[in-house]
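Below, read A as the first sequence line, B as the second, and so on, with proteins coming before strands; counting in each chain starts at 1.
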Number of protein chains: 2
Amino acid sequence: MLHRVADALVANEQQIMEENDVEEARGKIADALLQRLIMKPQKIAQLAQGIRAIAAEDEPIRRVLSRIEVADGLVLEKQTAPIGVLLIIFEARPDALPQIASLALRSGNGLLLKGGKEAARSNAALHKVIVDAIGALGPDLIALVTSRDEIADLLKLDDVIDLVIPRGGNELVSHIQANTKIPVLGHADGICHIYVDKAADLDKALKIVADAKADYPAACNAVETVLVHEALGDAGVDALLQALRAVGAEVHAGERLAAARPALGLPAAPAARHEYSSLGVTLETVEALQQAIDHIHAYGSGHTESIITEDAAAADAFLLGVDSACVFHNASTRFSDGFRFGLGAEVGISTSRIHARGPVGVEGLLTSKWVMRGSGQVVAKDTGVNYTFKKLPTS
Amino acid sequence: MLHRVADALVANEQQIMEENDVEEARGKIADALLQRLIMKPQKIAQLAQGIRAIAAEDEPIRRVLSRIEVADGLVLEKQTAPIGVLLIIFEARPDALPQIASLALRSGNGLLLKGGKEAARSNAALHKVIVDAIGALGPDLIALVTSRDEIADLLKLDDVIDLVIPRGGNELVSHIQANTKIPVLGHADGICHIYVDKAADLDKALKIVADAKADYPAACNAVETVLVHEALGDAGVDALLQALRAVGAEVHAGERLAAARPALGLPAAPAARHEYSSLGVTLETVEALQQAIDHIHAYGSGHTESIITEDAAAADAFLLGVDSACVFHNASTRFSDGFRFGLGAEVGISTSRIHARGPVGVEGLLTSKWVMRGSGQVVAKDTGVNYTFKKLPTS
């Protein structure tokens, strides 16, 4: 089914490119958003390649997660199973549609897609190509909701929709979280931190900080606050400032840095907790690793944080102590992504602590099911069998 | 820490038995409930044994669930991590307190316990023994909330409480689900089914059905509806009726059975979807396996269902086709339980499709965390590294 979808996307390339929303949107939306609406042959080929990669993975459903002999002739397995029906709400980004549809198909879930109106034509064209490629089951498996008014009604259907995944800005996600009883997987904020430790290799720090801010400033995994150990001194701060400015970043000072180095003349950070979603970034000093961890817990969003250090003990303390979905050592926060994590694709990144956390691929769209096979066993006040609880291999 | 708790329970056995609520409750609550309030030396010894079994398990935190090489020198792990703060609300059942406290300790979670007022003295005594045994950290790790009014306030704390687990009747659970934005793990109903297939070994069926109803009728995993393939004929129905009556069950007829066998004079089932929580049970006929599955999906609660058959293909169709937390073949629904599943103990049984499903032990109280270790890698529009995505062993 997935191979048919991949083939159909390539075969219908011309039509998909024609049915887009770029011309109508030109001048009405930001250029960055406009770029996302364009469907090029290269983008379509990449999508098809991604879908074939998802198809090539091992079958994810009915995978045995654990198997034990409960008693003689009584075997219990924990197996993966589809969650049920997913509602995915996404803003103007038509290439998300085939990716999400493929992950839902692979995980055996039914899908309700609610796309942004800015990409209405693209979404309709892509949905039609995919549903037609699936065949008779297509319309029952993947539905596209187009009317704007229907969101509020969909969010009330907690008896038939099992999970909502909003893909969009803070406002969209917060609104959905506040207005439904259906579990919501996703993140409202991406306030990522990099902590440059006193034992940092400064060259690595400069390279990573510049990448984390400038590679894609509007992404949720871009860095918003850089915390610098004060032992690195003025020279350390100056080097980071220069590296950030070299990639076009607009550096703001946190309270402690502003007080310590007023002569730098940096604008004040709008708040200790602030997502710029642009080339803006806050630079702040800390006296110790623990102060960095405390700062992250006080002002972060539990998304992705990275420590730059050559001190293995400091790295381990950070990786253990920081309570975020993703914690990195000597790597850019931009790696926090389903494709870069080897998941093939992602439906989104979750900062929730329940169910899936971090980038969510096929695995995060599965639940589990306990399957027990016996030959007439009864409990009889726990005298019916002799419990053995013997672990068995899962394959 | 867990061993100290187990030792302390045994050492304070006398005090725990004295500080109970049995005398005050006598005459005010049902006998079955009263039995639960009694703390005997045997019960305390079993609790201590269970806690030592939990302590003997492999360390559950920071367990590596997957490990891949993302690129040369860039390794990503998915590790287990505590969820955070759990709120567990339970009705009169003081022995649940040490079990739940031990599972929370083992999984590294903070715990707010809200016990039923019927067991207030027992709960306070058990809580004190456990917190004292833990030592200085005790009061910060496990708090006991005693005031009745505080529940509504606790349910508002979605910024600090990560998961609510209600242990109690349908009313309590439904009330909590309707009145909090915190994720709720548990089940409101336990409407379990047994389907006696046309290829059933009738002796096994009789034994299993009797056990599933009478072993502990008030339990959530007791059977409420027995579906019989009509190919088993009047003789099959009569045998099941006799087996159920022999253990004291009060058998009600479903609509089709009532129409087919009015002469049996069975009282009508109150509804196709009904939890007796007593020795009441509904007997109903079906024309086919698929009708049984459809009946379960229409009227069940997704808890536990069992098929009795010697036909391997029918068993597999049932185990795959029935969308419940636990699906069994030729075994009593009463096996659906954390201890009997080899989890050591359970905080409850979840019919939710998100996060943990079925009996929830230590594993269900964990989330995951992505840990990436590099040496200065940057994304640089995905040209910064050569992605390898090589699976590595987890140990």
Side-chain angles (χ1 to χ4, degrees), chain A residues 62 68 70 74 76 78 81 83-84 162-163 177 181 183 201 203-204 207-208 210-212 215-216 315 319-320 323-332 334-336 340-342 352-359 367-382 384 387 389, chain B residues 62 68 70 74 76 78 81 83-84 162-163 177 181 183 201 203-204 207-208 210-212 215-216 315 319-320 323-332 334-336 340-342 352-359 367-382 384 387 389:
Chain A
R62 277 197 135 181
I68 66 162
V70 168
L74 191 62
L76 176 69
K78 190 177 184 182
I83 288 180
D162 298 292
L163 188 65
Q177 284 169 335
K181 301 194 65 180
D201 174 329
D203 284 343
K204 284 182 190 164
K207 209 174 113 192
I208 289 171
D211 184 74
D215 187 54
Y216 190 170
L319 297 176
L320 177 63
D323 183 25
S324 292
C326 307
V327 285
F328 296 170
H329 173 211
N330 284 347
S332 170
R334 288 275 299 136
F335 281 106
S336 187
R340 293 174 199 127
F341 274 18
S352 159
R353 310 184 60 83
I354 301 302
H355 200 71
R357 197 176 183 206
T367 183
S368 58
K369 179 173 171 177
W370 297 92
V371 177
M372 188 180 255
R373 293 182 178 90
S375 48
Q377 284 84 352
V378 293
V379 165
K381 316 269 180 220
D382 289 315
Y387 293 102
F389 299 136
Chain B
R62 276 195 136 181
I68 66 160
V70 168
L74 190 63
L76 176 70
K78 190 177 185 180
I83 288 180
D162 299 292
L163 188 65
Q177 285 170 334
K181 301 192 66 177
D201 174 330
D203 285 342
K204 286 182 189 165
K207 211 174 109 191
I208 288 172
D211 183 75
D215 186 55
Y216 190 170
L319 296 176
L320 177 62
D323 184 24
S324 292
C326 307
V327 286
F328 297 169
H329 174 211
N330 284 347
S332 171
R334 287 276 297 137
F335 281 107
S336 188
R340 292 174 200 128
F341 273 19
S352 158
R353 309 183 63 82
I354 301 301
H355 199 70
R357 197 175 183 208
T367 183
S368 57
K369 180 173 170 175
W370 297 91
V371 176
M372 188 180 255
R373 293 181 178 91
S375 48
Q377 283 84 353
V378 294
V379 166
K381 316 268 180 219
D382 289 315
Y387 293 101
F389 299 134

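- Ranked by heavy-atom pairs under 4.5 Å with chain A, the first of B/Gly358, B/Ala210, B/Ser368 is B/Ser368.
- With a threshold of 4.5 angstrom between heavy atoms, B/Ile68 approaches chain A through side-chain atoms but not through N, CA, C or O.
- Contact of B/Ser324 with chain A is made through the backbone alone, with heavy-atom distances under 4.5 Å.
- In terms of heavy-atom proximity, A/Trp370 sits nearest to B/Pro359 at NE1-CD, 3.9 Å.
- For a residue to count as touching a neighbouring chain, one of its non-hydrogen atoms must lie under 4.5 Å from one of that chain's; by this rule B/Leu74 touches chain A with the side chain only.
- For A/Thr367, there are no side-chain hydrogen bond (donor to acceptor under 3.5 Å, both in side chains) partners at least two apart in sequence or on another chain.
- Nearest approach of B/Arg353 to A/Asp162, heavy atoms of both residues: CD-OD1, 3.1 Å.
- Taken to the nearest 0.5 Å, the CD1 atom of B/Ile354 stands 4.5 Å off from the CG atom of A/Leu163.
- Under the 4.0 Å criterion applied to side-chain N and carboxylate O atoms, A/Lys369 and B/Asp323 are not assigned as salt-bridge partners.
- Put simply, of A/Arg340, A/Lys181, A/Arg334, the one with the most heavy-atom pairs under 4.5 Å next to chain B is A/Arg340.
- Across B/Ile208 and A/Gln377, no two heavy atoms sit closer than the pair CG1-O, 3.9 Å.
- Ring geometry for B/Phe335 versus A/Tyr387: interplanar angle over 60°, hence perpendicular rather than tilted (30 to 60°).
- Contacts with chain A were tallied for B/Arg373, B/Arg357, B/Lys204; B/Arg357 has the most, counting heavy-atom pairs under 4.5 Å.
- Interface check for chain B: of the options A/Ala325, A/Ser332, A/Ala356, the most heavy-atom pairs under 4.5 Å are formed by A/Ala325.
- Per-residue counts of heavy-atom pairs under 4.5 Å with chain B were compared for A/Asp215, A/Val379, A/Asn330; the largest is that of A/Val379.
- With a 4.5 Å cut-off on non-hydrogen atoms, B/Ile83 touches chain A through its backbone and its side chain both.
- Ranking A/Lys207, A/His329, A/Lys78 against chain B, the residue ahead of the rest is A/His329, based on heavy-atom pairs under 4.5 Å.
- At a 4.5 Å heavy-atom cutoff, the contact between B/Asp382 and chain A is made by side-chain atoms alone.
- Counting heavy-atom pairs under 4.5 Å between each of B/Ala81, B/Ser352, B/Cys326, B/Ala315 and chain A puts B/Cys326 at the top.
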